[in-house]
Amino acid sequence: MLAARSSGGGVGGPGGGHQPPNVHRKQSVASLSGSKAHRSNSQDAKRNSFSGKKVAQQRHKAALIRELETGWYLRMFGLGKEETVAHKTGMPYRNLGKSGLRVSCLGLGTWVTFGGQVTDEVAEQLMTIAYESGVNLFDTAEVYAGGRRSSLVITTKLYWGGKAETERGLSRKHIIEGLKGSLQRMQMEYVDVVFANRPDSNTPMEEIVRAMTYVINQGMAMYWGTSRWTAMEIMEAYSVARQFNLIPPVCEQAEYHLFQREKVEVQLPELYHKIGVGAMTWSPLACGIITGKYENGIPESSRASMKSYQWLKEKIVSEDGRKQQAKLKELNHIAEKLGCTLPQLAVAWCLRNEGVSSVLLGTSNPEQLTENLGAIQVLPKMTSHVVSDIDHILGNRPYSKKDYRS
């Protein structure tokens with residue numbers, strides 16, 4: 001009632017005298033609802049702030065527990081911390097989404113270069129360099145570098161299998177037969193993660209999730225993930241899994257580099273916080289565009305000169321392609337200041353995103369791989385000031401809901 005009296009219609013107001021009681025009540029209710037809305041907004045802000053702090057505290061606590069457990073384990077076997085792979089190589093490891101699977105933050109992708117672009121001898125050499133550098137994640141690897149199977153994380157993808165109608169897609173038949181065929185070719189009993197390499201509109205989501213659950217329960221895979229799926233499709237798979245007590249996906253494979261940011265920086269973080277799906281990213285150098293080798297045209301030995309990559313050549317020589325090359329020249333100045341190469345800067349830029357579990361590298365020779373692995377040393381130099389300078393040059397930073405709220 002105090003709020004009503006202080007308004008123009010109260011005692012001493014323009015109307016003089018007393019307003020009817022119901023007017024006072026309406027004014028009081030309006031004032032009360034306004035104060036409630038204000039308190040609600042304030043509480044939401046406090047809740048969001050508290051939630052952010054809580055997540056940071058939980059991550060810090062988990063890191064401390066992991067450190068204590070590692071120390072205890074090493075002492076039990078009479079080992080020192082300097083004998084661990086992480087310490088020897090300097091390779092950071094991250095959880096794959098909210099699963100317990102620990103993967104190296106750099107992985108080796110073999111989907112292009114191992115498919116005929118390099119010899120078996122070079123392929124084995126690349127696998128060995130990666131493994132000895134602390135890489136434990138190998139995407140669709142046919143061979144691996146003599147390490148214990150338990151120390152490796154091997155993944156494979158399913159969708160394209162053969163020319164027949166039943167040899168492609170994500171039907172139960174193709175998922176089971178395709179994974180069995182992949183295991184036979186790799187001479188393995190299981191893979192750690194099997195990916196649905198693209199969505200399949202011809203197959204019901206329940207059939208896909210049931211088939212993925214089956215191959216996991218049969219010991220042919222440990223986890224399953226998606227690749228090139230939309231956030232809505234991933235949420236549908238998760239909902240189906242929860243509805244029928246099946247196994248949901250743990251990870252999405254997505255393209256992510258300096259010129260492709262929206263999905264990984266806006267859509268996937270929301271999925272991570274809601275349902276625990278992580279991000280494994282590929283093409284950090286945009287099919288070689290970010291290396292700078294296309295600055296003066298298309299070299300004969302490059303990927304863009306191959307017939308099957310005509311689309312890449314057209315992209316490079318387009319107006320947008322020329323603009324990208326101009327931006328890369330500016331980014332090269334930042335790389336020089338940090339004492340690294342442009343590819344190392346680009347890979348480190350991907351890694352600075354804590355929502356990314358692992359960045360898959362695709363290389364065709366040992367020199368490229370060694371250079372790209374050097375991005376680990378550049379990662380500590382990716383300060384907020386450096387990232388801000390890169391964003392200023394690129395001019396393509398996507399805005400999330402959080403940015404609009406603030």
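These numbers come from a predicted model, not from an experiment.
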Go through the side-chain N and O atoms of [X] and [Y] and say whether any donor and acceptor fall under 3.5 Å apart.
{"X": "Glu371", "Y": "Thr341", "answer": "yes"}
{"X": "Glu233", "Y": "Thr230", "answer": "yes"}
{"X": "Thr203", "Y": "Ser171", "answer": "no"}

Salt bridge check, Arg228 against Glu252: does any charged N sit closer than 4.0 Å to a carboxylate O?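 No, Glu252 and Arg228 are not salt-bridged.
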Side-chain donor-acceptor distances from residues 373-385 under 3.5 Å, at least two apart:
residue, atom, partner, partner atom, Å
Lys381, NZ, Leu338, O, 2.8
Thr383, OG1, Val386, N, 3.3
His385, NE2, Asp389, OD2, 3.4

Over all heavy atoms of both residues, which pair between [X] and [Y] is shortest? Give the atoms and the distance, please.
{"X": "Leu360", "Y": "Pro284", "value": "O-CD, 3.3 Å"}
{"X": "Pro249", "Y": "Ile234", "value": "CG-CG2, 4.5 Å"}
{"X": "Gly134", "Y": "Tyr93", "value": "O-OH, 2.6 Å"}
{"X": "Leu342", "Y": "Ile290", "value": "CD2-O, 3.2 Å"}

Could you check whether any side-chain N or O of [X] sits under 3.5 Å from a backbone N or O of [Y], counting only pairs where one atom can act as donor and the other as acceptor?
{"X": "Gln260", "Y": "Tyr256", "value": "no"}
{"X": "Asn95", "Y": "Arg102", "value": "no"}
{"X": "Asp200", "Y": "Gly169", "value": "no"}
{"X": "His174", "Y": "Tyr159", "value": "yes"}
{"X": "Asn197", "Y": "Leu158", "value": "no"}

Run the salt bridge (Lys or Arg N to Asp or Glu O under 4.0 Å) test on Asp139 and Lys157 for me, step by step, so that the C-alpha distance in whole Å, both residues' side-chain angles and the decisive distance to 0.1 Å come before the verdict. CA-CA 8 Å; Asp139 189 45; Lys157 297 188 186 76; 2.5 Å; yes
Atom pairs and distances, side-chain donor-acceptor, residues 215-225, under 3.5 Å, sequence neighbours left out:
residue, atom, partner, partner atom, Å
Asn217, ND2, Thr213, O, 3.3
Trp224, NE1, Ile247, O, 2.7

Can you say whether the rings of Trp311 and Tyr309 are parallel (under 30°), tilted (30 to 60°) or perpendicular (over 60°)?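 Correct class here is tilted.
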Show your working on side chain to side chain donor-acceptor pair (under 3.5 Å) between Gln125 and Thr128 and close with a plain yes or no. CA-CA 5 Å; Gln125 192 178 358; Thr128 303; over 6 Å; no
Evaluate salt bridge (Lys or Arg N to Asp or Glu O under 4.0 Å) for Arg94 paired with Glu354, printing each intermediate quantity in order. CA-CA 9 Å; Arg94 298 174 181 175; Glu354 292 183 356; over 6 Å; no
Give the C-alpha distance, both sets of side-chain angles, the deciding distance and a yes or no for salt bridge (Lys or Arg N to Asp or Glu O under 4.0 Å) between Glu265 and Arg352. CA-CA 11 Å; Glu265 294 186 13; Arg352 107 279 177 215; 3.4 Å; yes
